[in-house]
S.K.: 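One structure, pasted below without further comment.
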Number of protein chains: 2
Amino acid sequence: MARNGRQTAAAKGWTEHAERVLKDAGHRSSAPRSAVVEALGRQDCVLTARELVEEIRAEGRDVGIATVYRTLDVLDELGLAQRLDVGEGAPARYEPADPSGEHHHHLVCGSCGRVSSFEDARLEREIDRLARRVDYRIGTHEVILRGDCPTCSSAAG
Amino acid sequence: MARNGRQTAAAKGWTEHAERVLKDAGHRSSAPRSAVVEALGRQDCVLTARELVEEIRAEGRDVGIATVYRTLDVLDELGLAQRLDVGEGAPARYEPADPSGEHHHHLVCGSCGRVSSFEDARLEREIDRLARRVDYRIGTHEVILRGDCPTCSSAAG
DNA sequence: GTCGATGCAAAGAATTTGCAGGACC
DNA sequence: GGTCCTGCAAATTCTTTGCATCGAC
């Protein structure tokens, strides 16, 4: 159920898909932008802008934080990335959006801040039903379950 | 389903409940703190810290924004208030948490930022089921449906 | 050659914190 | 009368933006 530290099977596919969509939308290619797209596509878990920079520096490449924000913004607008705000003053996190539309939701640990993901078809069905019943025209949705992760649960009782 | 601009039936009850819980938890009473609690209890919709200050000033009372944040923090810790982060750099919003445990979720308009609420028993049941299945020890949850509100839908097609 | 993209540094915005004075119990 | 609470202002973060320059197409 929870899928941590595991790569999505579609990771490689997402990177290529994203680069194609960016190009088709009239955006130019550049080393920094590619570094961001590749680093994001490589991860399954959500990453903050800062973590993305560290990720890229670890590869021996470099990118300014402003470029990361700008790129994430473009990716978000094109539906290629998903932004996640866990609140509590924590920075926004981003993850690649599966082009197939399949997605997951998040578990947030209130003690250590760890974020994990889970997916559930029944929950999706219930939300789709709801989306048709409300008076807003719904495009996306997000579900956050908050509590303590296994480590913090056993540590703090 | 959507409940806007409507007072919760439990509004008055919440204010009294909150003041009692605060006192029992060893917190002192003060005019600014009461103003925050009363203003929050009076509303059904979510409010930002800034809106809470305006709300209080409109009554002819006054309070510093730092006190509002500090009070909301205490209310949140005691489970008396619920924090809602809609992301996109928007400030956090708060609402009274119903002591009965009954709660609702939110619809966020991506065009105008309007936030509405809805409740759904089947969704709650599905989430409770999920909460028992994941490896985190879940305490709370939140669901956000994003899209365009009725006004923005008709305006923008 | 044009125009989008980049990096830096400054600007902005939300929230937190240090501190001195005031109020509650 | 001690301790918690308050307001102000400064400090912290996260994120955005202005601008000169660089590079893709």
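Letters A, B, ... mirror the listed sequences (proteins, then strands); counts begin at 1.
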S.K.: Starting at atom CG of Leu22(B), determine the distance to atom P of dC4(D), rounded to an integer number of angstrom.
M.R.: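 It is 15 Å, rounded to the nearest whole Å.
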
S.K.: For the pair made of CG in Leu84(B) and P in dA14(C), what is the distance, rounded to whole Å?
M.R.: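 Between P of dA14(C) and CG of Leu84(B): 16 Å.
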
S.K.: Please give, in whole Å, the distance from dA24(D) P to Glu19(A) CD?
M.R.: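 Going from Glu19(A) (CD) to dA24(D) (P), I get 14 Å.
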
S.K.: 5'-most contact on DNA chain C: Gly64(A) or Glu88(A), nearest heavy atom basis?
M.R.: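 First, find each residue's nearest nucleotide; the 5'-ward one identifies Gly64(A).
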
S.K.: Could I get a table of every N or O pair under 3.5 Å where one atom is in the protein and the other is in nucleotides 12-16 of chain D?
M.R.:
unit_1	atom_1	unit_2	atom_2	d
dC14(D)	OP2	Arg50(A)	NH2	3.4
dT15(D)	OP1	Ala92(A)	N	2.8
dT15(D)	OP2	Tyr69(A)	OH	2.1
dT15(D)	O5'	Tyr69(A)	OH	3.2

S.K.: So, Arg137(B) and Asp148(A), do they make that salt bridge, N to O below 4.0 Å?
M.R.: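 No salt bridge links Arg137(B) with Asp148(A).
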
S.K.: Could you tell me how far apart Asp62(A) (CG) and dT6(C) (P) are, to the nearest whole angstrom?
M.R.: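 Result: 12 Å.
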
S.K.: Residues in side chain to side chain contact (heavy atoms under 4.5 Å, CB included) with Pro150(B), at least two apart?
M.R.: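 Partners of Pro150(B) under the side chain to side chain contact (heavy atoms under 4.5 Å, CB included) test: Asp135(A), Tyr136(A), Arg114(B).
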
S.K.: Tell me, do His106(B) and Arg93(B) make a side-chain contact under 4.5 Å, heavy atoms counted?
M.R.: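 With C-beta onward as the side chain, the pair stays apart.
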
S.K.: In residues 26-33 of chain B, which ones come under 4.0 Å of DNA chain D, going by heavy atoms?
M.R.: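 Those residues are His27(B), Arg28(B), Ser30(B), Pro32(B), Arg33(B).
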
S.K.: Between atom CD in Glu51(B) and atom C1' in dT15(C), what is the gap in whole Å?
M.R.: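 Nearest whole value for this atom pair: 16 Å.
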
S.K.: Using a strict threshold of under 4.0 Å (side-chain N to carboxylate O), is an ion pair present between Glu54(B) and Arg57(B)?
M.R.: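 Salt bridge: no.
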
S.K.: Within a strict 4.5 Å, meaning less than it, do heavy atoms of the Glu55(A) and Arg42(A) side chains meet?
M.R.: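 A side-chain contact under 4.5 Å exists here.
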
S.K.: Can you tell me how the ring of His105(A) sits relative to the ring of His141(A), calling it parallel under 30°, perpendicular over 60° and tilted otherwise?
M.R.: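 Geometry flag for His141(A) against His105(A): tilted rings.
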
S.K.: Walk me through it: do Gln43(B) and Glu51(B) pass the test side-chain contact (heavy atoms from CB on, under 4.5 Å)?
M.R.: CA-CA 11 Å; Gln43(B) 308 293 324; Glu51(B) 286 165 347; over 6 Å; no

S.K.: Tell me, do Leu107(A) and Val115(A) make a side-chain contact under 4.5 Å, heavy atoms counted?
M.R.: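 No - every pair of side-chain heavy atoms lies 4.5 Å or more apart.
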
